Amino acid sequence: MHRTLADDLARLPDLLQSARDLAARELAGVAERPVVRLERAPEREPLPAEGAGGEAALTRFAQRWAPGLSGSAGPRYLGFVTGGATPASVTGDWLTSAYDQNVSGAAGSWAAALERETVDWLRELFGLGTAHAGAFVTGATVSNTVGLAVAREWLGERLGVDVSRDGAAALGPVDVLSGSPHSSVAKALSVLGIGRDRLRHVPVLAGNREAVDVDRLEAALAESEGRPVIVVANAGTVNTVDFDDLRAIAALKERHDFWLHVDAAFGGFAALSPAYAHLVDGLDAADSVCVDLHKWLNVPYDAAVQFTRRRDLQTRVFHNASPYLGLPTGDPDFLHLTPENSRRLRALPAWFSLMAYGRAGHREIVERNVALAHRLGEGIAALPGLRLSAPVRLNVVCFTLAQDPTQERVAAVAEAVAATGEAFLTPTVHDGTPALRAAFSNWRTDEADTDRVLAALASLPLGPALRKGLMETGVDRGEPAVDREGRAGDPGRVP
């Protein structure tokens with residue numbers, strides 16, 4: 001054994017203690033550190049010829065790279081839909097690496113059984129029946145891809161084609177219908193050989209909505225003239241967290257032949273709250289479902305789950321035919337169910353968090369985040385320079401400039417907020433108008449954090465001279481927003 005490796009093994013408890021101390025310091029301060037880091041990253045260094053050992057590597061990381069990592073696990077990182085990591089899930093994640101299980105199959109370890117138990121807990125959490133089987137994947141993009149791959153195989157079943165053997169081209173043109181699909185759906189269609197351009201956008205409801213018009217969807221289904229199609233319904237759109245009427249869409253199956261895939265990446269968590277569960281009424285009728293866990297379940301990256309009623313078709317798509325791996329059985333190993341063969345035990349952090357906090361603890365996170373989104377929305381509506389782009393329906397606040405909301409001016413607001421170190425928001429386009437999104441999904445976020453985000457917005461020059469005002473503060477000249485010690489710096493602040 002290499003001497004440095006042997007030394008590290010002998011001192012492993014001390015090395016892990018040092019890593020624990022660093023992690024504890026970072027997590028203890030995450031609420032007050034700048035939410036994003038805008039300085040330039042260090043120049044690349046050459047690969048070391050000789051190793052320095054784990055302690056030296058940890059010291060070098062802490063000095064050179066740790067200061068530039070974002071506060072995305074903190075309470076005011078409101079970009080995208082980014083959860084944090086609950087204490088219990090961090091514990092589970094550390095143990096995932098320590099045990100280093102390959103959950104490709106069930107042989108020789110209880111790891112696969114633990115994942116099956118965790119999937120069953122999640123199935124119950126989201127109100128899905130026992131007809132749905134699930135597996136862990138890396139994120140919503142892969143979950144959507146797996147669901148649509150099973151849908152592709154279903155199309156072949158309907159058309160007398162074995163897609164897993166003959167390829168997607170044997171299907172001919174495929175129609176995929178959706179009102180406000182996430183971009184990962186188009187990416188999945190590209191990967192699956194169906195094609196991005198086969199995604200047909202169905203008109204949505206009037207009145208600033210993103211939910212599909214079910215009557216227009218039925219008209220589009222009628223145009224298929226009996227040829228099976230795929231429908232992607234949305235349980236929580238990205239911009240405004242709008243929900244398709246899942247029950248009404250599922251009822252269309254009585255007259256039309258289609259596979260119903262529901263993208264419930266974060267909106268599925270509405271099922272945890274009696275006040276919002278009606279939004280996902282009908283989710284159990286889906287043929288496949290995507291839920292992303294490193295969003296609102298607040299477990300570390302990466303973790304998502306996919307569910308489907310047709311595990312037989314899923315196995316046909318993803319089975320790995322090899323004598324040493326074994327053939328799929330009635331309860332197939334996970335390597336026969338997802339794109340991966342080797343799989344880390346990513347179910348363990350979710351198991352820890354569900355065991356530690358239960359349904360009630362995670363419901364509290366959801367309901368508090370929703371209340372905070374409404375609090376921020378009310379504050380933004382009261383600011384003269386801003387206006388809401390849509391009502392706050394769940395946990396996302398979509399808003400824009402009250403005057404001249406061009407892409408440049410809206411981007412300037414996002415840059416200025418990031419430069420304060422107080423918050424991070426992401427840009428979007430809603431109903432043709434550039435806008436910003438503040439997405440609440442972190443378990444740490446409270447009213448004080450929400451008020452700090454609102455204060456950062458209120459401090460900006462939001463009038464017609466927005467870009468000029470920001471240039472005068474140094475934000476637009478690329479000056480650092482934080483100093484070398486990581487404190488918020490004056491050059492990035494907007495008076």
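Because the structure is a prediction, the values reported are computed rather than measured.
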- Query: Quick one: does Leu436's side chain get under 4.5 Å of Phe399's, heavy atoms only?
  - Reply: yes

- Quick one: does Pro349's side chain get under 4.5 Å of Thr96's, heavy atoms only? yes

- Report the distance from atom CG of Leu345 to atom OG of Ser97, rounding to the nearest 0.5 Å. 10.0 Å

- Hey, is CZ on Arg40 packed in by over 12 heavy atoms from elsewhere, all under 6.0 Å? no

- Is a side-chain donor or acceptor of Arg310 paired with a backbone partner of Asp287 at a separation under 3.5 angstrom? no

- Task: Please step through side-chain contact (heavy atoms from CB on, under 4.5 Å) for the pair Val176 and His261, ending with a clear verdict.
- Result: CA-CA 10 Å; Val176 181; His261 174 76; over 6 Å; no

- Examine distances only and state if a side-chain atom of Asn442 and a backbone atom of Gly74 form a donor-acceptor pair shorter than 3.5 Å. yes

- Query: To the nearest 0.5 Å, how far apart are CG in Leu260 and CD1 in Ile230?
  - Reply: 11.0 Å

- Between Trp351 and Trp121, what is the ring plane arrangement, given parallel below 30°, perpendicular above 60°, and tilted in between? parallel

- Looking at OG1 of Thr86 and OH of Tyr357, how far apart are the two atoms once the value is rounded to the nearest 0.5 Å? 4.5 Å

- Query: Any side-chain heavy atom of Arg196 within less than 4.5 Å of one from Leu199?
  - Reply: no

- Task: Decide whether Trp296 and Asn395 meet the rule of one side-chain donor and one side-chain acceptor closer than 3.5 Å.
- Result: no

- Item | Ile380 CD1 to Arg387 CZ distance, which is reported to the nearest 0.5 Å | 12.5 Å

- Message: Less than 4.5 Å apart, side chain to side chain, heavy atoms only: is that true for Leu205 and Asp213?
- Response: yes

- Query: Hey, does Leu386 have a side-chain heavy atom less than 4.5 Å from the side chain of Leu401?
  - Reply: yes

- Does a side chain donor of either His362 or Asn298 reach within less than 3.5 Å of an acceptor in the other side chain? no

- Task: Can you see which heavy atom on Val280 is nearest to which on Ala271, and at what distance?
- Result: CG2-CB, 3.7 Å

- After noting the C-alpha distance and the side-chain angles of Asn239 and Val396, does the key distance pass the side-chain contact (heavy atoms from CB on, under 4.5 Å) rule? CA-CA 7 Å; Asn239 281 341; Val396 173; over 6 Å; no

- Message: Determine whether a donor-acceptor pair (N or O, by modelled atom type, separation under 3.5 Å) exists between the side chain of Trp443 and the backbone of Ala85.
- Response: yes

- Within the side chain of Gln314, is there an N or O that forms a donor-acceptor pair under 3.5 Å with the backbone of Val150? no

- Query: Does a side chain donor of either His430 or Thr428 reach within less than 3.5 Å of an acceptor in the other side chain?
  - Reply: no

Distance-only donor-acceptor hits, side chain of residues 132-143, under 3.5 Å, sequence neighbours excluded:
{"from": "His132", "atom 1": "NE2", "to": "Asp284", "atom 2": "O", "distance (Å)": "3.1"}
{"from": "His132", "atom 1": "NE2", "to": "Ala286", "atom 2": "O", "distance (Å)": "3.3"}
{"from": "Ser143", "atom 1": "OG", "to": "Val305", "atom 2": "O", "distance (Å)": "3.0"}

- For Ala251 against Arg255, the heavy-atom pair lying closest together: O-NH1, 4.4 Å

- Task: State the CG-CG distance between Leu457 and Leu425, to the nearest 0.5 angstrom.
- Result: 6.0 Å

- Message: Quick check: closest heavy atoms across Val212 and Pro203, and the distance to 0.1 Å?
- Response: CG2-O, 3.8 Å

- Query: Going by atom types alone, do His294 and Asp292 pair a side-chain donor with an acceptor below 3.5 Å?
  - Reply: yes

- Message: With no hydrogens and no angle check, just 3.5 Å: does a side-chain donor-acceptor pair link Ser180 and Thr237?
- Response: no

- Message: Checking Leu297 against Leu122 for the side-chain contact (heavy atoms from CB on, under 4.5 Å) test, could you report, in this order, the C-alpha distance in whole Å, the side-chain angles of both residues, the deciding distance, and whether it holds?
- Response: CA-CA 10 Å; Leu297 194 68; Leu122 291 166; 4.3 Å; yes

- Item | Heavy-atom closest contact (Asp449 atom, Arg444 atom, distance) | OD2-O, 3.7 Å

- Query: Any donor-acceptor pair under 3.5 Å linking the side chain of Ser89 with the backbone of Val299?
  - Reply: no

- Message: Does any part of the side chain of Glu115, heavy atoms only, come nearer than 4.5 Å to the side chain of Gln101, both counted from C-beta?
- Response: no

- Any idea which heavy atoms bring Thr420 and Ala456 closest together, and the distance? OG1-CB, 4.3 Å

- Task: Take Asp242 and Asn234, measure what side-chain contact (heavy atoms from CB on, under 4.5 Å) needs, and give me the verdict at the end.
- Result: CA-CA 8 Å; Asp242 210 347; Asn234 300 288; over 6 Å; no

- Between Trp65 and Pro42, which heavy-atom pair has the shortest distance, and what is it? CZ3-CD, 3.5 Å

- Message: Using only atom types and a distance under 3.5 Å, with no angle test, would you say the side chain of Arg152 pairs donor to acceptor with the backbone of Leu192?
- Response: yes

- So, Glu210 and Thr240: side-chain donor and acceptor under 3.5 Å apart, yes or no? yes

- Query: Just by distance, do the side chain of Ser164 and the backbone of Val317 share a donor-acceptor pair under 3.5 Å?
  - Reply: no

- Message: Between Ser441 (side chain only) and Thr82 (backbone N and O only), is there a donor and an acceptor less than 3.5 Å apart?
- Response: yes

- Query: So, do Glu367 and Pro274 sit near enough that their side-chain heavy atoms are less than 4.5 Å apart?
  - Reply: yes

- Min side-chain heavy-atom separation Leu128-Leu283 under 4.5 Å: yes

- Would you verify whether the NZ or CZ of Arg116 falls within 45 degrees of the ring axis of Phe334 while also being under 6.0 Å from that six-membered ring's centre? yes

- SB check Asp446 Arg368 (cutoff 4.0 Å): no

- Query: Hey, what do you get for CG (Leu78) to CD (Glu422), rounding to the nearest 0.5 Å?
  - Reply: 11.0 Å

- Is a donor on one side and an acceptor on the other found under 3.5 Å between the side chain of Thr450 and the backbone of Leu376? no

- Expected output: side-chain Asp244 to main-chain Leu246 donor-acceptor under 3.5 Å: no

- Verify the neighbour count for atom CD of Glu124: are there more than 12 heavy atoms of other residues, nucleotides or ligands below 6.0 Å? yes

